[in-house]
Amino acid sequence: MEKLPKIGLPVLILIVVAILFVSKSTHTIGSGYAGVLYKTFGGGVVTDQPPLGEGFHFIAPWNKVIEYEIRQQAISERMDVLSVNGLEIKVDGTVWYQPDPTQLGKLHQEKGKDYLQRILGPAISAAAREVVGRYTPEQLYSSKRDIIQQEILDETRKGVDGQYIIVNRVLVKDVTLPPTIKDAIERKLRQEQESLEYEFRLTKATKEAERQRIDAEGKAAANKILSASLTDKILQEKGIEATLELSKSSNSKVIVIGSGDSGLPIILGNQ
């Protein structure tokens, strides 16, 4: 009986050690994350194998797992850049990105967890300066927004090419010009709009005048043709036809044959 405590103590120690060993030998990775394995006695960061995915993993207790979020993320930047004519312009933009989930080992080994500050942030700023520097303030303010977004996206992708970062989309939310430049552009745009409206009204009036002229010429030509075709015999024939039709009417009238001009009948009604 006296030996039981002596036997129980080593067993207890073994149990504690086993629990510690098991707790240090497992790692659970949550949704949207992946793990980079670091082998303390085996060459450091593992780059020749896929990263650890979501779920439960057994690892040696002397190794470590460094987790990275591999879901799409966003970074918003407000940048001071220069236009093609040297004016200072502020650009507010958002970039959607994510680390390359197949290259997390190399990303961790070469760039580190602060890759956003080391790589992506500078690449976005350089791309914005490069693209905005191609345009005038007026182009930036009005019609070039979609083109600028695409060009910044293309330049950013070039900047992070080979850096194990995926850039999905760029959105330019706002372009802020110096107040004097903005006012001048808005005045110019209003003047252009007013000029377009005036040209539209002038064109419309010109077309209406042309339509009326063509209509008048058509009527004049029709009257000329009609006048040329109306001989005395045709008029007499038409008059006789009209007299016959009137004679069929139930109204009281007196018709004097051959008493009118050119021998046409005279119709005396009851009024």
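If you read the sequence from its start, that first residue is 1, and numbering goes on from there. The structure presented is a predicted model; accordingly, all values stated were derived computationally and were not measured.
Each of Leu104, Ile66, Thr102 was scored for a side chain to side chain contact (heavy atoms under 4.5 Å, CB included) with Pro51, with one residue passing: Leu104.
Linking ILVMFWY side-chain heavy atoms closer than 4.5 Å, directly or via other members, places Val131 and Leu82 in two distinct hydrophobic clusters. Hydrophobic clustering, with ILVMFWY side chains joined whenever heavy atoms are under 4.5 angstrom apart, keeps Val91 apart from Trp96. Under the 4.5 Å side-chain contact rule for hydrophobic residues, Ile166 and Tyr97 do not share a cluster. Residues Met79 and Tyr135 share a single hydrophobic cluster, defined by chaining ILVMFWY side chains whose heavy atoms lie under 4.5 Å apart. Both Val95 and Val81 are assigned to one and the same hydrophobic cluster, defined by single-linkage of ILVMFWY side chains at heavy-atom distances under 4.5 Å.
With hydrogens and angles disregarded, no donor-acceptor distance shorter than 3.5 Å links the side chain of Tyr115 to the backbone of Leu120. In this structure, the side chain of Asn63 engages the main chain of Thr40 through a donor-acceptor pair within 3.5 Å. Although no hydrogens or angles enter the test, the distance criterion places a donor-acceptor pair under 3.5 Å between the side chain of Gln98 and the main chain of Ile70. Put simply, the side chain of Gln149 gets close to the backbone of Val172: a donor and an acceptor are under 3.5 Å apart. Judged purely by atom type and a 3.5 angstrom limit, Glu54 has no side-chain atom pairing as donor or acceptor with the backbone of Tyr33.
Within 6.0 Å of NZ on Lys113 lie more than 12 heavy atoms contributed by other residues, nucleotides or ligands. At most 12 non-hydrogen atoms from other residues, nucleotides or ligands lie less than 6.0 angstrom from NZ of Lys106.
The shortest non-hydrogen separation linking Val160 to Ala123 is CG1-CB, 3.8 Å. Pairing each heavy atom of Tyr68 with each of Gly112, the nearest pair is OH-C, 3.4 Å. The nearest pair of heavy atoms linking Arg118 to Pro122 is O-CG, 3.6 Å. Counting all heavy atoms, side chain and backbone alike, Thr94 lies closest to Ser76 at OG1-OG, 3.0 Å.
Looking at Tyr164 and Glu110, their side chains come closer than 4.5 Å, going by heavy atoms from C-beta outward. Using a 4.5 Å heavy-atom cutoff, the side chains of Lys90 and Val175 are not in contact. Put simply, the side chain of Arg169 does not reach to within 4.5 Å of the side chain of Gln72, judged on heavy atoms. Two residues are said to be in side-chain contact when any heavy atoms from C-beta on lie closer than 4.5 Å; Gln163 and Lys111 meet this criterion. Annotation: side chain of Arg78 is in contact with side chain of Thr176 (closest heavy-atom distance under 4.5 Å). With a 4.5 Å cut-off on side-chain heavy atoms, Ser83 and Thr136 do not count as touching.
In this structure, OG1 on Thr47 lies 11.0 Å from CG on Leu37, to the nearest 0.5 angstrom. From Thr28, atom OG1 reaches atom NE2 of His57 across 8.0 Å, with rounding to the nearest 0.5 Å. Note that CG of Leu153 is 10.5 Å distant from CD1 of Ile124, once rounded to the nearest 0.5 Å. Rounding to the nearest 0.5 Å places CH2 of Trp62 at 11.0 Å from NZ of Lys39.
In this structure, Lys207 does not pair ionically with Glu210, as no charged nitrogen and carboxylate oxygen lie closer than 4.0 Å.
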- request: Dump the intermediate steps for side-chain contact (heavy atoms from CB on, under 4.5 Å) on Glu67 and Ile29, then the final yes or no.
  value: CA-CA 8 Å; Glu67 291 191 12; Ile29 298 177; 4.0 Å; yes

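Contacts classified as side-chain hydrogen bond (donor to acceptor under 3.5 Å, both in side chains) and involving residues 152-162 (residues at least two apart or in different chains) are given here: Arg134-Glu155, Gln150-Asp154.
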